[in-house]
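Contents: one structure, followed by commentary.
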2 protein chains.
Amino acid sequence: MILDSETKATEHSEDHGDELRLWLRLLTCTNLIEGEVRRRLRERFDVTLPRFDLMAQLDKVPDGMTLSDISKRMMVSNGNVTGLVERLVESGHLDRRTSETDRRVQVIRLTRTGRAEFRKMAAEHELWIASIFADLSAKDVQDLMRLLGKTKVSARNATQRKA
Amino acid sequence: MILDSETKATEHSEDHGDELRLWLRLLTCTNLIEGEVRRRLRERFDVTLPRFDLMAQLDKVPDGMTLSDISKRMMVSNGNVTGLVERLVESGHLDRRTSETDRRVQVIRLTRTGRAEFRKMAAEHELWIASIFADLSAKDVQDLMRLLGKTKVSARNATQRKA
DNA sequence: AACAACAATTTTAGGCTTGAAGCATTTCGC
DNA sequence: GCGAAATGCTTCAAGCCTAAAATTGTTGTT
C-alpha cells in the first residue's frame, strides 16, 4: 500500500489547493478581459458593458422582450434591469411599451438607431475578443470550451445540492 | 488548393464566432461561481466577497500592507480600497495606522479577531470551491490551469499592443 | 363578484466600483 | 534650500448590483 497516503482521502483536511488556484486564475483571467472590454466600450462608444449586454439580448429577437425575460437571460436581478432600461430609453436606444394583453408587462425593443449602433459596436467587439484570444490555437479554444462546459455543469450541480 | 477557403484568411470578416462563444462561456462560468461564493459568504458569515478578498491579501503578510499595495494586489482602484478598509476597521477586523517614516502612508493589518475570523471563513471557502469543481478530474484541472495561463498571457499581449 | 394566490415590475437601502479631481507629504533637480 | 514633480490617499459623482418590500394587475375558486 505504498500509494496509500497519496490516493486515499484522509478523513479531514484533503488538499484542495489546486482547485483554489484554478478558481483564482479563472477569476483573474475573466476580470482582465472584462476590464479591457469595459474600457474599450467606454472609450470607443461611450457605453457600459451592462448596456451593451442588454442590447445584445434584444438584438437577437425581432419583437422585443419583457423585463423578466431580459433579467432571466442576463442572469441579473429584476430591479437591475429596470434601471438599465430606463437609461437606455432615455438615450434613445430602447423603446418600451406596456403590453396590450397584460398591463403588468413591459415590452422592450431596440429602436432603429439603437439596433444600428449596437451592430456597429458588436462588430468591433468581436474583433477585440478575437485579438484577446489570438495566441490560442483552434484546438486550445475547443479544449477550453469543453473544459469550461464541464465546469459549468459541475458548478451547477454543486450549487443545487448546496453541498 | 482544395483547402484554400478553409485555411486562408479572407481579407476581411474572418469568422471569430468561436472566440466570442468562448468568451461568453468563460464569463458565464465565472459569474456562476462568483455569484455562489458571494451568496454563501453572505449567508454563512455575513461578509461580502470584496471584504473577504481584502482580508485574504492581508492574511498572507504578517506585518500589514499599505493601501497602494492592497489596491495593486487586488487590481482595483485606490478609492475603492479606502472605503473597503473603512468599513472593515469599523467592524473591528482591521487595524489602520499612519506610517512613522512617511506620513502619507497608511499601514493596514488584520486584528487578532479579524485574522481568526478570516481563517475560519477561508477554510470553508476552500471546501466550497472544491465542491464546485468536483466533477473535474485532476487532469482537467491541470489542463484548465495551463489553458487559462495561456489565455492570460494572450490577453495581456492584446491589451498592451492595444490592437 | 369577492378573495386569495400568483405574477410582473418598481422602489428602497445598502454596498461595490470607477475615473477624475483634490489634498498632503515626500523626493528630486538644481 | 526651494520649487516642481511624484506619490499616497481621500473625496466625489455616476453607475451598477442585490435582496427584500411594496405596488399593480391577473387568474382561479368559490
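A quick note: this is a predicted structure, and the numbers were derived from the prediction, not measured. Just so it is clear: chains get the letters A, B, ... in the order the sequence lines come, proteins before strands, and each one is counted from 1.
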Which whole-number value in Å describes the distance from [X] [atom1] to [N] [atom2]?
| X | N | atom1 | atom2 | result |
| --- | --- | --- | --- | --- |
| B:K72 | D:dC9 | NZ | P | 9 Å |
| A:M75 | D:dC16 | CE | P | 18 Å |
| A:E34 | D:dC17 | CD | C1' | 13 Å |
| B:L84 | C:dG14 | CG | P | 18 Å |
| B:R42 | C:dC16 | CZ | C1' | 14 Å |
| A:N31 | C:dC16 | CG | C1' | 13 Å |
| A:D53 | D:dC16 | CG | C1' | 12 Å |
| B:R39 | D:dA20 | CZ | P | 11 Å |

* **Main-chain N/O of B:D63 paired with B:R109 side-chain donor or acceptor, under 3.5 Å** => yes

* Within residues 85-102 of chain B, residues whose heavy atoms come under 4.0 Å of DNA chain D -> B:R96

Would one find a side-chain N or O of [X] under 4.0 angstrom from OP1 or OP2 of [N]?
| X | N | answer |
| --- | --- | --- |
| B:S68 | D:dC9 | yes |
| A:R51 | D:dC16 | yes |
| A:N78 | C:dT9 | no |
| B:T82 | D:dT11 | no |

Salt bridge between [X] and [Y], side-chain N to carboxylate O under 4.0 Å?
| X | Y | answer |
| --- | --- | --- |
| A:E117 | A:K120 | no |
| B:D143 | B:K139 | yes |
| A:R39 | A:E43 | no |
| A:R51 | A:D53 | no |

* ILVMFWY cluster, A:L32 and A:W23 together (side-chain gap under 4.5 Å) -> no

* To do: Verify the cluster assignment for B:L24 and A:M55: are they in a single hydrophobic cluster under the rule of side-chain heavy atoms below 4.5 Å apart?
  => yes

Out of [options], whichever nucleotide has its closest atom nearest the side chain of [X]:
| X | options | value |
| --- | --- | --- |
| A:S77 | C:dT10, D:dT18, D:dC9 | D:dT18 |
| B:T48 | D:dG15, C:dC16, D:dC17 | C:dC16 |
| B:N80 | C:dT17, C:dT10, D:dA19 | C:dT17 |

* **Residue pair A:S154 / B:D135: nearest heavy atoms and the distance that separates them** => OG-N, 3.0 Å

* Taking all non-hydrogen atoms of both residues, which atom of B:W128 and which atom of B:R40 are closest, and how far apart? -> CD1-NH1, 3.3 Å

* Asked: Who are the side-chain contact (heavy atoms from CB on, under 4.5 Å) partners of B:D59, not counting sequence neighbours?
  -> B:L110, B:R115, B:F118, B:R119

* Structure fact -> On DNA chain C, more 5' by nearest nucleotide between B:R38 and A:D69 is A:D69

* Structure fact -> By nearest-heavy-atom nucleotide on DNA chain D, the more 5' of B:G83 and A:R103 is B:G83

Taking only nitrogen or oxygen atoms into account, show me every contact under 3.5 Å that the protein makes with nucleotides 21-24 of chain D, one pair per line with its distance.
none

